[in-house]
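Working notes for the structure below.
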Amino acid sequence: MRSVEITKGLNRQQLQAVTAESGPILVLAGPGSGKTRVLTHRIAYLIGMYGVRSYHILAVTFTNKAAREMENRVQDLLGEQAQGLTLGTFHAICARILRREAEHLPFDSNFVIFDSDDQLSLVRHALDDLNLDEKRNRPQAIHAAISNAKNELLLPDDFPVQTYRDEVTRRVYSRYQQLLLANNALDFDDLLLWTALLLEDQPSAREKYARRYQQVLVDEFQDTNMAQYSLLKHLASFHSNIFVVGDTDQSIYRWRGADYRNITRFEEDFPTTQVVLLEQNYRSTQAILDVAMAVIDRNPYRVRKRLFTERGAGQKAVLYEAEDDLHEASFIIDTISTLTRNNGLQPGNFAVMYRTNAQSRVLEEAFLRANLPYKLVGAQRFYGRREIKDIIAFLRLTHNPSDEISLIRAINLPPRGIGDKTILQLRTQAGKAGLSPGEMLLDLGRGEDSRYRVAFSGRVLSLLAHFGRLLATWHVMKSELSTLLLMDRILGDVGYRDYIDDGTEEGNDRWENVMELRRLASQYQGRALSEFLEDIALVSDQDTLDTNANVPTLLTLHAAKGLEFPIVMIVGLVDGLLPHIRSFDEPEAMQEERRLFYVGITRAKDRLYLVYPQNRSTFGHPEACDPSRFLEDIPAQLLSEVRPKVIRRDSPLKADQAASLNWRTASASQTVQQRFRAGMRVQHPTFGEGIILNSRIQDDDEIVDIFFEDAGLKKLAVALARLNILP
DNA sequence: ATGGACAATGTTTTT
DNA sequence: CATTGTCCAT
């Protein structure tokens, strides 16, 4: 009876994957082919039909959001039987394992996770310790090299040295790792690296987890790196029950060490692998799939998949050439408002995608100007804010006093007279005593009882002892108080509100952000501070996506992976941006750019808009640019093109020039009669007299661009605007 | 020690 | 142009 429910509504290929005999299984899933469905039903099938206990199942996803979604869907299928699944991102699962196994490892179970800023300052510290110049040795570049090495499972001693530069990197890497341990901290890559090493070096640990996780399932397998692949292999080493889902065409994290060839590697390492292809697309219309295929088929060396859909032809994708990025933004706004007003579409149906985060600015400003709400995907937006980082520094320091990065941030906040000199003294004395600065501070907080009082002069001592006392109090309270109360206590003790909320609008915003963090903390009643800190450190951009708000979504193409929207608009499709200029000289990188474009296109269910500017402002000054080379690969008949807008608001065309422009209509099926032509003069009740620049039929309405003498350029829907034609 | 003013310098994508 | 670092006056 269960089996009917679990396999209901699956197509032949999906069924094959879900009900496959246990063992190594590779599911090659095209976009929109229902891979999440296959994964959830597979889990349900294992529990419901095979009698596997949920406790023995491990499922790895790319984002926490995907994990939660999967959990809910399994719950819907199985009810309480689903309790006890291990479901999460690689990073979160590894953190959990490492805390549990800390006694076998060179760090403490209450380690903190360093974010990218922390990692960078740690590289700077390391450079400083080695008397290396930051100017000649870019911390960013060195950190990238260290990160790559870790993802390849290379420890400092294994780091290949061929040039002097490598030699420097190797030394910094080595020092960097020492510093991490001294801070009782791990970086993102460490979470994977240490877990992989643990499973590699300690057979007992390997066996323990391989026995526990009898069934391993992995989503987005094409984006696993060496460390992730290695730890999966160890987990599956006893039973080979590993079910992976992926699509080489959607591999977009090469720069993070991901290697889609892990799919080939998988088939080699597990020779009995059953391969299942999911080719039916349930998401997009044929018109959209055709565009996607045209783009991706240009990539050499790929296994061609025959994607097909039964959703019907659908509307042609629209190609729009804007004059510059500002006009791109107004086209987006105009299109969204027109379609929501006249076509019954919801604002939440729209997603605007771009290659780089910087591109969101112009869009955001346009939305703000038009008074339209929007949401932006990106964790950095919130967690990167100064006030948020401040509070987290206090909490992290309380949780792990050895966290020197947080200590340095928090110790003089708000300014209490502890500057670089004092901190240096503290560090020196701590070093002498064999303590971390935080531990020394805790001791000084004991007042008369502290052994180390004598090491400091009066003023310095009283300043340090005062903060030490605060820290000691918080440190004791953290086990008694909830995260929320602890946070309130800290905020009160240091007078943070008075410091940050200075009466200006910005100050108020900052305090509002602190309150938002407080709201987040309130959801952690009854859970340890470490959980709160860990979740915050590991939030992904997609996790911040609020699916409830009915407003357009702005996001990078990378962040769009795994999502879908009725209408997708991709902007900034110019050479240099997509493909990005930094990929030009590397064929592999260029192919990844193409895949990125493909990922963006295949997010669309019903409609697709491809937009590019003729000019792009770099460093404030506009520069001419070429349409993306990828656009050339899309056959013209797949696109309906909206011609360039050569009219600028500040230099209107003369009537005869405007009349001579040949505009093409964006829509083929015309149900309303076109009443206006370029060059006509019209009268509008509020905007006054103007001249028609362009008119087209779109979505059962006539859309006209009019230049008004007083009000400038307006785009109006004829059905709504009361226009009178003047002679 | 602190805060303001100026210069330099840098732009992919993210857990 | 917008953030980040550095220098200088208080």
Side-chain angles (χ1 to χ4, degrees), chain A residues 60-67 88-95 113-121 124 134-135 138-141 143-144 147 150-151 186-193 220 223-225 227-228 251-258 353-362 365 377-381 383-384 386 411-424 459-460 463 534-544 555-561 572 576-584 586 589-590 592-593 595-597 599-600 616-622:
Chain A
V60 190
T61 58
F62 212 68
T63 64
N64 298 300
K65 182 173 171 280
T89 63
F90 270 106
H91 294 268
I93 287 165
C94 287
I113 298 167
F114 272 5
D115 67 22
S116 1
D117 285 347
D118 304 330
Q119 293 169 36
L120 216 53
S121 14
R124 293 209 171 91
E134 266 186 38
K135 293 258 151 56
R138 287 262 123 89
Q140 314 257 13
H143 179 257
S147 176
K150 288 185 173 183
N151 289 328
L186 301 192
D187 66 13
F188 294 131
D189 305 314
D190 276 345
L191 295 171
L192 309 174
L193 175 72
E220 308 281 9
D223 278 322
T224 51
N225 61 33
Q228 291 163 331
S251 164
I252 54 175
Y253 284 103
R254 198 183 78 101
W255 49 275
R256 211 167 78 179
M353 301 177 186
Y354 37 82
R355 176 66 234 265
T356 67
N357 285 304
Q359 291 171 262
S360 74
R361 264 190 84 109
V362 178
E365 281 164 7
V377 180
Q380 208 50 24
R381 274 296 195 289
Y383 293 99
R386 191 186 56 165
I411 197 169
N412 199 28
L413 210 121
R416 57 171 70 84
I418 303 179
D420 294 346
K421 286 253 172 62
T422 311
I423 291 173
L424 189 66
R459 186 185 127 81
V460 169
L463 289 169
E534 183 170 307
D535 286 358
I536 279 180
L538 296 179
V539 278
S540 73
D541 275 355
Q542 272 190 20
D543 298 334
T544 64
L555 73 178
T556 62
L557 288 163
H558 280 91
K561 178 159 111 154
L577 230 37
L578 188 77
H580 196 273
I581 191 160
R582 304 256 301 232
S583 307
F584 279 4
E586 237 188 307
M590 283 301 268
E592 181 150 305
E593 296 290 304
R595 292 195 293 266
L596 195 52
F597 188 28
V599 166
R616 181 160 73 92
S617 33
T618 42
F619 287 113
H621 290 283

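We use all heavy atoms of the structure for the numbers below, so side chains are in, but hydrogens, waters and symmetry mates are not. On a predicted model such as this, the values are computed, not experimentally measured, just so you know. Each chain gets a letter, A, B and so on, in the order the sequences are listed, and its residues count up from 1.
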Does A:R582 place a side-chain N or O at less than 4.0 Å from the phosphate oxygens OP1/OP2 of B:dT13? no
Using the side-chain heavy atoms of A:R361, tell me which of these nucleotides is nearest: C:dA2, B:dT13, B:dA1. C:dA2
So, do A:Y354 and A:T556 sit near enough that their side-chain heavy atoms are less than 4.5 Å apart? yes
Between A:N64 and A:V539 (side chain of the first, backbone of the second, donor and acceptor by atom type, cut-off under 3.5 Å), is there such a pair? no
Can you check whether A:N357 has a side-chain N or O nearer than 4.0 Å to OP1 or OP2 of B:dT14? yes
For B:dT2 and A:N412 - does any side-chain N or O of the residue sit under 4.0 Å from the phosphate oxygens OP1/OP2? yes
Side-chain contact check for A:T356: nearest option of B:dT13, C:dT3, B:dT2 is B:dT13
Taking CD from A:Q140 and C1' from C:dT4, how many angstroms apart are they, rounded to a whole number? 11 Å
What one should report as the nearest heavy-atom pair of A:H580 and A:T356 is CD2-CG2, 4.1 Å
Shortest non-hydrogen contact from A:N225 to A:R256? ND2-O, 3.9 Å
Within this structure, what is the CD-to-P distance between A:E220 and B:dT14, rounded to whole angstrom? 15 Å
Roughly, in whole Å, what's the span from OH in A:Y383 to P in B:dT15? 12 Å
Look at A:R416 and B:dT2 and indicate whether a side-chain polar atom (N or O) is within less than 4.0 Å of OP1 or OP2. no
Identify which nucleotide among B:dG10, B:dT15, B:dA1 has an atom closest to any side-chain atom of A:K421, counting heavy atoms from C-beta outward. B:dA1
What is the nucleic acid contact for A:D115, judged by heavy atoms within less than 4.0 Å: base, sugar-phosphate only, or nothing? nothing
Using a 4.0 Å heavy-atom cut-off across all strands, classify A:R254 as base, sugar-phosphate, or nothing. nothing
Would you indicate what A:S583 reaches in the nucleic acid, counting non-hydrogen atoms under 4.0 angstrom: base, sugar-phosphate, or nothing? nothing
d(CZ, A:R256; P, B:dT13) in whole Å: 13 Å
Has A:S116 got a side-chain N or O lying under 4.0 Å from the OP1 or OP2 atom of B:dT15? no
To the side chain of A:T89, which of B:dG10, B:dT2, B:dT15 is closest? B:dT15
Between A:W255 and A:H558, is the gap from one ring center to the other below 6.0 Å? yes
For A:H143 and B:dT14, give me the distance from atom NE2 to atom C1', rounded to whole Å. 12 Å
Output the single nucleotide from B:dT15, B:dT13, C:dG5 whose closest atom is nearest the side chain of A:R124. C:dG5
Select one nucleotide: of C:dT3, B:dT14, B:dT15, the one nearest the side-chain heavy atoms of A:F188. B:dT15
In whole angstrom, give the distance that lies between atom CZ of A:F597 and atom P of B:dT13. 18 Å
I want to verify a distance call: between C:dT3, B:dT14, B:dT15, whose nearest atom is closest to the A:H91 side chain? B:dT15
Within the stacking criterion (centroid distance below 5.5 Å, interplanar angle below 30°), does A:W255 stack on B:dT13? yes
Sugar-phosphate only, base, or nothing, as touched by A:R595 at under 4.0 Å among non-hydrogen atoms: nothing
In whole Å, what is the span from the NE2 atom of A:H558 to the P atom of B:dT13? 9 Å
In whole Å, I'd like the distance from the CG atom of A:L186 to the P atom of B:dT15. 18 Å
Residue that, paired with A:C94, satisfies side-chain contact (heavy atoms from CB on, under 4.5 Å) out of A:L192, A:L538, A:L193, A:D190: A:L192
Nearest nucleotide by nearest heavy atom, which residue falls closer to the 5' end of DNA chain B, A:A559 or A:T422? A:T422
